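Reading through the structure tokens given below for one structure.
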2 protein chains.
Amino acid sequence: MRVTVDIVIFALRDWELQVLLIQRGIPPFEGHWALPGGFVHEDESLEAAARRELEEEAGVRDLYLEQLYTVGDPGRDPRGRVVTVAYYALLTTEVALVAGTDAGAARWMPARKHPRLAFDHDRILGYALERLINKLEYTTVGFKLLPKTFTLGQLQRVYEAVLGRPLDKRNFRRKMGLLGILTPLDEYVQDGPSRPAQLYRFSAKRFERLRDKGILFPF
Amino acid sequence: MRVTVDIVIFALRDWELQVLLIQRGIPPFEGHWALPGGFVHEDESLEAAARRELEEEAGVRDLYLEQLYTVGDPGRDPRGRVVTVAYYALLTTEVALVAGTDAGAARWMPARKHPRLAFDHDRILGYALERLINKLEYTTVGFKLLPKTFTLGQLQRVYEAVLGRPLDKRNFRRKMGLLGILTPLDEYVQDGPSRPAQLYRFSAKRFERLRDKGILFPF
DNA sequence: ACAAAAGTGTTCGATATACACCCATGT
DNA sequence: ACATGGGTGTATATCGAACACTTTTGT
């Protein structure tokens, strides 16, 4: 029985949630778009296989990676029995700028509006999106889509892009402030003709402390 | 690469959350307790394999089954590379009374207090317990541990057993009542010397309606 | 009579939501 | 001057947590 890993690679591009897809060059589903992935080697863990594929097919390392679901129906791959462990990955906005530029067949597409995918990859992508939305609300995955420092406006745009709906600026800032997991920096950036915005960074230490006290949610 | 399914079978016995474990008769880990499981056949789906093992090793059918996580580190099985898809199952209290009585090596043990398990099954069991606790709060898995009709006292004991802490009776009843997914029956049962308790059943239709309106949470 | 579980409301604090204006900057 | 995003507070509704007594039955 052959085992593969497929990866749903999410990133924010132009403040839209997108996924990196690969156009298949060989049958089955030749010409169709599909999730990047490949076979698991005999001597590597499932996660190592996923990271290797990420580097080979998207040219990225050091990102957030989480196992999603395993599909293995007989007949899902016309070539024979294949069990696929699906992962999803989150890229920061800077990394996403260079990801997938090597492989000619790779392309970013909107996560909610994309062509029919090969195999059962539509289902996997839908499930990944659902999981990401849920995790956004009770974990800190949102920060994984941004660089180390960011403005509150950028952070809110991440949440809006993933959730797919607008959020109230004042409520969003109050909630983030109450969590106490953001450290303001003495730096300001400006993007376009507007008032400069203060930079923040995610404070993992404070987050761990809160989580251990049971104030926040487990991962 | 060989693929197996292992199943964490939960049930309430004596109002305690227990798991069904199997004592291994052959190396490796001979004599150790382990999760029931076995190899996936070439022509069956992962879930079908899990259901087959449930019937073979525990003698149960028609239960709640949900995929949990997939482990596949090289070296986790000394016999060679094995990728294991873990599931967890919920048995109703009546079914649990007969489960595992055929296989001599099967035994129910408390979910939170059990011997060291073979392979990495301790981790899998811990993860299953965590998942069950989380799902209890935003889904209706709690009902899967009870027969079709039940009293509110029994339902509360299910929640307390899974969560591992006592709940306030009035708050519990009010919350359940507000959800509007319980249908009272014109039947009463009595267990011991006390006032008879009204029977209820879970109303899946109302639940679906609420969920579709976004009032309840997605599965 | 008493033991044991069923049944029933109110108060309070915390949390989520709705909502509008001034500020700093580039053009 | 104006367009653009940054930054700030209050009022209200909703939800979760704490808390005690009466009822019905078997022994």
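In this text the structure is predicted, and so the values were computed from the model without any measurement.
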Donor-acceptor pair between Asn134(B) and Arg131(B) side chains, under 3.5 angstrom: no

Salt bridge Arg51(A)-Glu55(A), side-chain N to carboxylate O under 4.0 Å: no

Length of the NZ-P vector between Lys169(B) and dA17(D), whole Å: 18 Å

Protein-nucleotide distance (Tyr159(A), atom OH; dT17(C), atom P), rounded to Å: 14 Å

Given DNA chain C, 5'-ward residue of the pair Gln154(B) and Arg170(B), judged by closest heavy atom: Gln154(B)

Protein-nucleotide distance (Glu187(A), atom CD; dG6(D), atom C1'), rounded to Å: 17 Å

Polar pair under 3.5 Å, donor/acceptor by atom type, side chain Lys175(A), base dA16(C): no

Presence of donor-acceptor pair under 3.5 Å, side chain of Arg174(B) and base of dT10(C): yes

Interatomic distance, Arg173(A) CZ vs dA16(C) P [rounded to whole Å]: 18 Å

Backbone of Pro110(B) reached by a side-chain donor or acceptor of Glu16(B) within 3.5 Å: no

Geometric class of the His121(A)/Phe119(A) ring pair [parallel <30°, tilted 30-60°, perpendicular >60°]: tilted

Whether over 12 other heavy atoms sit under 6.0 Å from Arg123(B) CZ: no

Separation of dT10(D) P from Asn171(A) CG (nearest whole Å): 14 Å

Separation of dG9(D) C1' from Phe172(A) CZ (nearest whole Å): 18 Å

Atom CG of Asp191(B) with >12 non-hydrogen neighbours under 6.0 angstrom: no

Proximity of Phe143(B) and Phe150(B) rings by center, below 6.0 Å: yes

Length of the line joining Leu152(A):CG and dA24(C):C1', which is rounded to integer Å: 16 Å

Nucleotide dG6(D), atom C1' - distance to CD of Gln156(A) in whole Å: 11 Å

Residue met sooner reading DNA chain D from 5', once Asp168(A) and Arg157(A) are mapped to nucleotides: Arg157(A)

Residues in contact with DNA chain C, drawn from residues 188-203 of chain B - heavy-atom cutoff 4.0 Å: Pro193(B), Ser194(B), Arg195(B), Pro196(B), Ala197(B), Gln198(B)

